[in-house]
Amino acid sequence: MSIPSLFTLSALFLLACCAPAQTPVGSLAHTVAAGPSQPIVSNMYRLSPEEQGDLYMARRQYVAAIDAYRHAPLLHSLTWTKIGVAYHHLFALDEAIKDYQQALRLDPQNSDALNNMGAAYHGKRDYGNATRYYKRALKYAPRNASIYCNLGVAYFANHKYRDAEKAYGHAFAIDPNAFDRDPNATVDAGASREERIAQHYYLARTFARVGQQAQALQYLRKALDEGFRDKHKLDGEQDFATLRTTLEFKQLMAQQVLQ
């Protein structure tokens, strides 16, 4: 059974885009199970401890999931990754990192654990280590758009905008829908206003460049809502040449006070 879906490290936590792998990006749920866990028994058979943990994860009962997983043999990298994801959902980042490290001792090429390590360090605002682990994850999962999204978010947070644009470009090239699933998935909730403007503006350019005008307008509106006011830059942006001819763009601009 795969890791229970959690982040695209959705919350991205971030993480998407920064968050534990295989969980909705941008959506680390902050739900703690109340009381001790109870065994989950099927009418047909009793589930193994790891299967119980997976079921608890699906129900967002993360404390109960951790308890169940720790009754499993703990011989596999995937099991430790799941424990780390459960702690990650509880925002116990130091404990999550310890479990991801154990997962990597058992399998240094576990791209989910590497990606999640990056997300955990991002949550601690250690963007250097976050970037390092995302790059290691991409070494073993080079076609994973979500990891590139997370890498881009880390670069934006570290004010490395050119590198961030490249990472987002790779994500878009791999999966043009990578930014569609959750409009907030690729933006770090803890980012500064400047960083959020840069991320939204770049995504608007990316979508405009490939002719996806609705998405381009969506992200441009977000950049404007965050405080983007540079009329000269907007007027000179070549990626927006076609977009500027649309009625929707003109209506959006009519609502703004640009400088």
Side-chain angles (χ1 to χ4, degrees), residues 7-19 24-27 122 127 131 134 138 142-259:
F7 172 48
T8 13
L9 209 184
S10 157
L12 198 147
F13 160 32
L14 274 178
L15 69 108
C17 253
C18 256
V25 167
S27 79
H122 191 123
Y127 304 124
T131 299
Y134 290 142
L138 286 167
R143 299 289 299 171
N144 190 310
S146 293
I147 300 175
Y148 271 115
C149 285
N150 287 348
L151 178 61
V153 173
Y155 277 135
F156 271 118
N158 213 18
H159 301 278
K160 296 183 177 181
Y161 297 140
R162 183 170 298 181
D163 290 332
E165 290 190 9
K166 289 180 181 178
Y168 272 14
H170 284 303
F172 192 86
I174 293 169
D175 181 6
N177 298 315
F179 304 104
D180 288 355
R181 300 183 185 100
D182 181 350
N184 298 310
T186 55
V187 179
D188 178 6
S192 69
R193 186 174 67 91
E194 176 189 3
E195 293 158 19
R196 293 194 299 272
I197 290 173
Q199 292 176 66
H200 291 314
Y201 187 82
Y202 173 71
L203 285 171
R205 286 175 47 201
T206 300
F207 281 112
R209 194 179 304 137
V210 297
Q212 297 188 29
Q213 296 177 355
Q215 293 91 331
L217 283 167
Q218 176 186 27
Y219 281 103
L220 182 56
R221 182 176 288 105
K222 286 178 175 293
L224 291 164
D225 289 345
E226 289 288 353
F228 178 83
R229 293 293 180 267
D230 192 337
K231 185 177 187 300
H232 179 74
K233 181 176 182 179
L234 195 59
D235 289 344
E237 189 64 70
Q238 291 300 311
D239 290 329
F240 294 151
T242 300
L243 189 66
R244 281 193 291 268
T245 67
T246 66
L247 176 61
E248 292 80 3
F249 179 88
K250 293 174 182 178
Q251 290 175 336
L252 177 61
M253 292 301 100
Q255 301 168 6
Q256 307 301 319
V257 179
L258 303 182
Q259 301 172 354

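As the structure is a prediction and not an experimental result, all values here were calculated from the model.
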Non-hydrogen atoms of Gln213 and Leu243 that approach each other most closely:
CB-CD1, 3.8 Å

Looking at every non-hydrogen atom in both residues, tell me the closest pair between Tyr168 and Gly152 and how far apart they are.
CE1-CA, 3.7 Å

Can you confirm whether Phe228 sits close enough to Gln256 that some side-chain heavy atom of one is under 4.5 Å from a side-chain heavy atom of the other?
no

The criterion is side chain to side chain contact (heavy atoms under 4.5 Å, CB included); which residues satisfy it with Arg162, sequence neighbours excluded?
Lys166

Locate the shortest heavy-atom distance separating Ala178 from Ala171; write the atom from each residue and the value.
CB-O, 4.2 Å

Identify the heavy atoms of Ile197 and Gly227 that sit nearest to each other, and give their distance.
CD1-C, 3.8 Å

Smallest heavy-atom separation, Leu220 atom then Ala204 atom, equals N-CB, 3.6 Å

Please lay out, stage by stage, how Tyr201 and Phe240 fare under the test ring pair (Phe, Tyr, Trp, His ring centres under 6.0 Å).
CA-CA 11 Å; Tyr201 187 82; Phe240 294 151; 5.7 Å; yes

Partners meeting side chain to side chain donor-acceptor pair (under 3.5 Å) with Thr206 (sequence neighbours left out):
Tyr202

Do His159 and Tyr161 have a side chain donor and acceptor closer than 3.5 Å?
yes

Rounded distance (nearest 0.5 Å) linking atom OG of Ser146 with atom OH of Tyr134:
10.5 Å

Check the orientation of His122 and Tyr127. Use parallel for under 30°, tilted for 30 to 60°, and perpendicular for over 60°.
perpendicular

Determine which pairs satisfy salt bridge (Lys or Arg N to Asp or Glu O under 4.0 Å) with at least one residue from residues 237-258, sequence neighbours left out, and list them in order.
Arg205-Glu237, Arg205-Asp239, Arg209-Asp239

side-chain contact (heavy atoms from CB on, under 4.5 Å) between Asn177 and Gln215: does it pass, once the steps are laid out?
CA-CA 11 Å; Asn177 298 315; Gln215 293 91 331; over 6 Å; no

Return each pair, listed once, that meets salt bridge (Lys or Arg N to Asp or Glu O under 4.0 Å) where at least one residue sits in residues 149-160; pairs must be two or more places apart or across chains.
none

Of all heavy-atom pairs linking Phe207 and Ala216, the shortest is CB-N, 3.6 Å

Please evaluate residues Leu203 and Lys222 with respect to the criterion side-chain contact (heavy atoms from CB on, under 4.5 Å), reporting the C-alpha separation (whole Å), side-chain torsions for both, the decisive distance (0.1 Å), and the verdict.
CA-CA 10 Å; Leu203 285 171; Lys222 286 178 175 293; over 6 Å; no

Residue set satisfying side chain to side chain contact (heavy atoms under 4.5 Å, CB included) with Leu138, at least two apart, ordered chain then number -> Ile147, Tyr148, Leu151

Could I get the full list of side chain to side chain donor-acceptor pair (under 3.5 Å) partners for Glu226, not counting sequence neighbours?
Arg196

